[in-house]
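To start, the structure itself, in structure tokens.
Each chain gets a letter, A, B and so on, in the order the sequences are listed, and its residues count up from 1.
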Amino acid sequence: MNQITLTFPDKSTRSYSAGVTPLEVAQSIGPRLASDTVVARINGTLTDLAIPINQDTEITFYTGDTPEGHEILLHSAAHLLAQAVKQLFPKAKVAIGPAIENRFYYDFDIDGTFSEKDLRRIEEKMRELAKADHEVSRIELSREAAIAEFRAQDETYKVEIIEELPEDEKITAYRQAEFIDLCRGPHVSSTGKIKYFKLLESSGAYWRGDERNKMLQRIYGTAFSSKKQLKDYLHFLEEAKKRDHRKLGKELSIFTFDDEVGPGLPLWLPNGAIIIEELEQLAKEKERAAGYVRVRTPHLTKGVLYEKSGHLEHYQDDMYPAMDVDGTKYYVKPMNCPHHHKIFAAEQRSYRDMPIRLAEYGTCYRYEKSGQLFGLMRVRSMQMNDAHIYCTMEQFADEFLAVCQLHLEYFEIFGIEKYEMRLSLHNKEGLGEKYVNEPELWVKTEAIVRQALDDGGINYVEIPGEAAFYGPKIDVQVWSAIGKEFTLGTNQVDFAIPQRFGLTYTNQDGVAETPLCIHRAPLSTHERFIGFLIEHYGGDFPLWLAPIQVAVLPVSEKVNTYARQVKNQLLSANIRVQLNDRPDKIGAKIRNAETSRINVMLIVGAREAENETVSVRRRFQGDLGQQSLADLINQLKNEIKQRSLTSGI
RNA sequence: GCCACCGUAGCUCAGCUGGUAGAGCAACUGAUUUGUAAUCAGUAAGUCGGGGGUUCGAGUCCCUUCGGUGGCUCCA
């Protein structure tokens with residue numbers, strides 16, 4: 001028999017008989033590797049462990065705790081789910097079942113829905129099938145055979161998928177015991193490799209995500225290669241639940257919703273209003289320093305403006321219906337840009353004035369579909385950290401980069417450590433349809449944007465086909481302290497709308513030119529940003545953002561007078577302070593302040609009153625001992641001024 | 001918008017197969033005057049999301065409507 005040479009990632013080589021399988025190779029190296037490996041990479045392609053190798057090649061093994069291996073594990077778990085469902089619900093038809101980040105799902109067409117009880121039964125069945133350790137084998141099928149096979153099983157969705165595969169596509173299926181599923185693979189070699197998994201929830205999902213299609217029942221689950229990882233992930237989900245901004249927002253009296261006000265229309269309570277004011281203060285400082293000027297625009301506008309801007313054509317479904325005012329249609333504004341364009345147009349502009357940066361925390365209203373509303377993260381009234389920068393082509397790169405850098409400054413202030421800038425580009429197919437038909441301008445602008453990012457040393461990923469219709473954009477993804485993902489700021493280039501508005505400036509040669517426009521909102525909207533901050537900080541805001549910064553806690557009513565003096569001094573230092581002069585025991589007052597997430601607690605009793613001091617207790621730090629009130633005030637003022645993320649600097 | 005689930009006191013929740021509501025915390029009152037995460041006692045509090053129906057009788061069953069949640073899709 002022929003010998004072949006396999007090269008391992010460490011460049012070492014071994015010789016095997018031709019036809020050896022990756023699983024056998026793994027076994028030859030060690031039983032542990034063989035049992036942990038879920039997939040192999042051979043000549044750059046991920047491959048099943050049972051496929052014979054017939055020539056010299058490089059080979060890499062992936063265990064379930066590598067990204068590659070984990071994805072396979074999740075995908076195979078989806079198959080296991082489908083097998084279990086088919087056994088328990090023979091009439092169910094399977095649709096698709098991919099791996100997604102940390103989870104998998106499978107869509108089924110069944111009569112009715114899956115109940116909690118069904119999920120438990122299905123999970124039980126999955127365990128049984130995993131324990132049986134059925135071999136998972138790959139089957140190659142001709143197009144006709146595949147269609148015949150799945151038609152015989154009445155798997156109409158699979159037949160539909162096969163019929164839409166390109167003619168030359170190799171069709172494969174995977175079999176585990178009696179269950180055969182159309183799939184490209186690869187998969188784990190046997191069901192026993194799927195050890196640690198859990199079904200999470202079920203919900204409706206349209207076939208192919210199209211609401212005109214039938215609603216299928218989707219089951220979500222997760223799987224990991226070790227018990228610990230599964231436990232950690234479930235713990236993360238629980239932790240995320242605890243930090244849910246809807247829960248904390250209520251507990252900390254930040255915002256509320258009211259049936260009689262309307263869905264998606266938040267009411268900001270005093271604590272929330274304080275956070276808003278601090279954020280606006282920050283934005284105003286940063287924007288003033290960066291040369292922005294502030295403007296203000298009305299909430300209500302005639303329809304003609306949105307005809308001109310294209311909103312009625314492209315965006316009407318997301319706008320509140322018009323109201324009739326003396327026979328004229330008026331709309332509440334869904335975006336601020338048309339108004340800012342009008343402000344640009346209100347005066348003669350010279351190249352000497354450029355760039356013009358118009359900023360406004362503008363309030364917008366969008367008629368989001370009811371099913372999309374979600375706490376503060378998706379609302380119908382919102383206030384945006386909006387600005388539009390009008391500039392010349394020459395100024396554009398600098399302006400765009402400055403906005404990106406502003407994002408980075410904000411990340412530092414808020415302690416956002418993980419983020420991703422997504423440069424969203426056009427694609428040729430979309431020109432004239434999804435995107436304004438200016439092929440050269442697209443290519444040119446995208447090149448400038450890319451260059452600006454490269455020059456500025458900004459890390460980004462490119463995503464083709466995700467641009468706005470008027471130009472390329474950067475969407476900013478951030479991850480909260482516990483790793484939950486959010487879409488926040490945006491930075492968009494617009495080379496189309498200024499033209500529609502006839503915006504011009506006079507260049508050095510006395511000729512009217514159309515400016516470029518950058519739409520940007522680094523701090524997103526108050527709603528989404530504060531929603532994010534609540535979850536990011538888990539309710540424990542840094543001092544500068546905390547609605548109540550200091551609680552003064554007298555040990556007994558005997559020292560209430562001194563406590564009031566302390567409170568007043570803090571107030572005059574512009575520190576937000578609350579005095580708890582109820583007749584409670586000090587332990588109860590402390591507990592109260594702790595559960596309200598108050599950062600600084602000042603315990604005052606006879607000793608403190610005598611020495612003009614306070615006993616400082618800080619959240620997460622405990623008792624810090626006595627300190628003079630004057631020193632403490634200076635320290636807190638400094639911490640607030642620095643917008644420090646850590647206490648006690 | 002669509003599918004599913006949920007909606008009981010300010011909050012968190014209990015209330016079995018229908019027999020006109022209950023706990024803890026919070027609030028309020030009184031007593032206690034307290035030294036780093038809960039002092040004790042008492043009081044008040046709900047047209048069980050709204051409307052309609054079935055029934056002798058509905059928090060419980062049915063319909064409808066409003067709101068929320070998980071998804072589909074979209075996005076700040």
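Here B:U36 sits opposite no nucleotide as a Watson-Crick or G-U wobble pair (both hydrogen-bonding atom distances under 3.5 Å). As the counterpart of B:C48, no nucleotide is assigned, since no Watson-Crick or G-U wobble pattern has both distances under 3.5 Å. The partner of B:G24 is B:C11, by the rule that a Watson-Crick or G-U pair needs both atom distances under 3.5 Å. Of the nucleotides present, B:G68 is the one that pairs with B:C5 by Watson-Crick or G-U wobble criteria, both distances under 3.5 Å.
A salt bridge between A:Arg617 and A:Asp623 is absent, with no side-chain N of the basic residue lying under 4.0 Å from a carboxylate O of the acidic one.
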Provide a list of protein-nucleic acid N or O atom pairs under 3.5 angstrom, restricted to nucleotides 45-52 of chain B.
none

Report all interatomic pairs (protein N or O, nucleotide N or O of nucleotides 2-4 of chain B) with separations under 3.5 Å.
| from | atom 1 | to | atom 2 | distance (Å) |
| --- | --- | --- | --- | --- |
| B:C2 | O4' | A:Tyr206 | OH | 3.3 |
| B:C2 | O2' | A:Tyr206 | OH | 3.0 |
| B:C2 | N1 | A:Tyr206 | OH | 3.3 |
| B:C2 | O2 | A:Tyr206 | OH | 2.7 |

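Under the rule for a ring-ring contact (aromatic ring centres under 6.0 Å, His included), A:Tyr410 has no partner lying at least two apart in sequence or in another chain. For A:Tyr419, the ring-ring contact (aromatic ring centres under 6.0 Å, His included) criterion is met by A:Phe411, not counting sequence neighbours. Every residue meeting the ring-ring contact (aromatic ring centres under 6.0 Å, His included) condition with A:His519, not counting sequence neighbours, appears here in chain and number order: A:His388, A:Tyr470. Listed by chain and number, the residues in a salt bridge (charged side-chain N to carboxylate O under 4.0 Å, His left out) with A:Arg208 are A:Glu160, A:Glu164 (sequence neighbours excluded). Contacts of A:Glu420 classified as side chain to side chain contact (heavy atoms under 4.5 Å, CB included), with partners at least two apart in sequence or in another chain: A:Arg422, A:Val461, A:Gln477, A:Trp479. Partners of A:His526 according to the ring-ring contact (aromatic ring centres under 6.0 Å, His included) rule, which considers only residues two or more places apart in sequence or in another chain, are A:Tyr361. In terms of the side chain to side chain contact (heavy atoms under 4.5 Å, CB included) criterion, A:Lys250 has no residue partners (sequence neighbours excluded).
Listed by residue number, the members of residues 260-270 of chain A with any heavy atom below 4.0 angstrom from RNA chain B are A:Pro263, A:Gly264.
Within the 4.0 Å cut-off from OP1 or OP2 of B:U12, at least one side-chain nitrogen or oxygen of A:Lys250 is found. For B:C72, the OP1/OP2 oxygens have a side-chain nitrogen or oxygen of A:Tyr220 closer than 4.0 Å.
Donor-acceptor pairing under 3.5 Å is recorded for the side chains of A:Glu360 and A:Thr297.
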Along nucleotides 30-40 of chain B, 5' to 3', which nucleotides get a B, which get an S, and which get a -, given that the test is a protein heavy-atom distance under 4.0 Å? --BBBBBBBS-
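In this structure, the side chains of A:Ser615 and A:Gln627 stay at 4.5 Å or more apart for every pair of heavy atoms. In this structure the side chain of A:Tyr105 never reaches within 4.5 angstrom of the side chain of A:Ile219, judged on heavy atoms.
At a threshold of 4.0 angstrom between heavy atoms, the contacts of A:Arg378 include nucleobase atoms, whether or not backbone atoms are also involved. A:Phe257 comes within 4.0 angstrom of no nucleic acid atom, judged by non-hydrogen atoms across all strands. Residue A:Leu373 is classed as a sugar-phosphate contact, given heavy-atom separations below 4.0 Å to backbone atoms only. Residue A:Gly531 is classed as having no contact, given no heavy-atom separation below 4.0 Å to the nucleic acid. Residue A:Phe529 is classed as having no contact, given no heavy-atom separation below 4.0 Å to the nucleic acid.
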Pairs of donor and acceptor atoms involving the side chains of residues 528-537 of chain A, under 3.5 Å and at least two apart or interchain, shall be tabulated with distances.
| from | atom 1 | to | atom 2 | distance (Å) |
| --- | --- | --- | --- | --- |
| A:Arg528 | NE | A:Met377 | O | 3.0 |
| A:Arg528 | NH1 | A:Thr487 | O | 3.2 |
| A:Arg528 | NH2 | A:Met377 | O | 3.1 |
| A:Glu535 | OE1 | A:Lys484 | NZ | 2.8 |
| A:Glu535 | OE2 | A:His245 | N | 2.9 |
| A:Glu535 | OE2 | A:His245 | ND1 | 2.8 |
| A:His536 | ND1 | A:Ala481 | N | 2.8 |
| A:His536 | NE2 | A:Phe414 | O | 3.1 |
| A:His536 | NE2 | A:Gly415 | O | 3.2 |
| A:Tyr537 | OH | A:Phe414 | O | 3.1 |

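For B:C75, the base has no donor-acceptor partner in the side chain of A:Arg366 [N/O atoms by modelled type, under 3.5 angstrom]. Between the side chain of A:Arg218 and the base of B:C72 there is no donor-acceptor pair of N/O atoms closer than 3.5 Å.
Across A:Lys242, A:Lys241, A:Arg246, a single residue satisfies salt bridge (Lys or Arg N to Asp or Glu O under 4.0 Å) together with A:Asp244, and that is A:Arg246.
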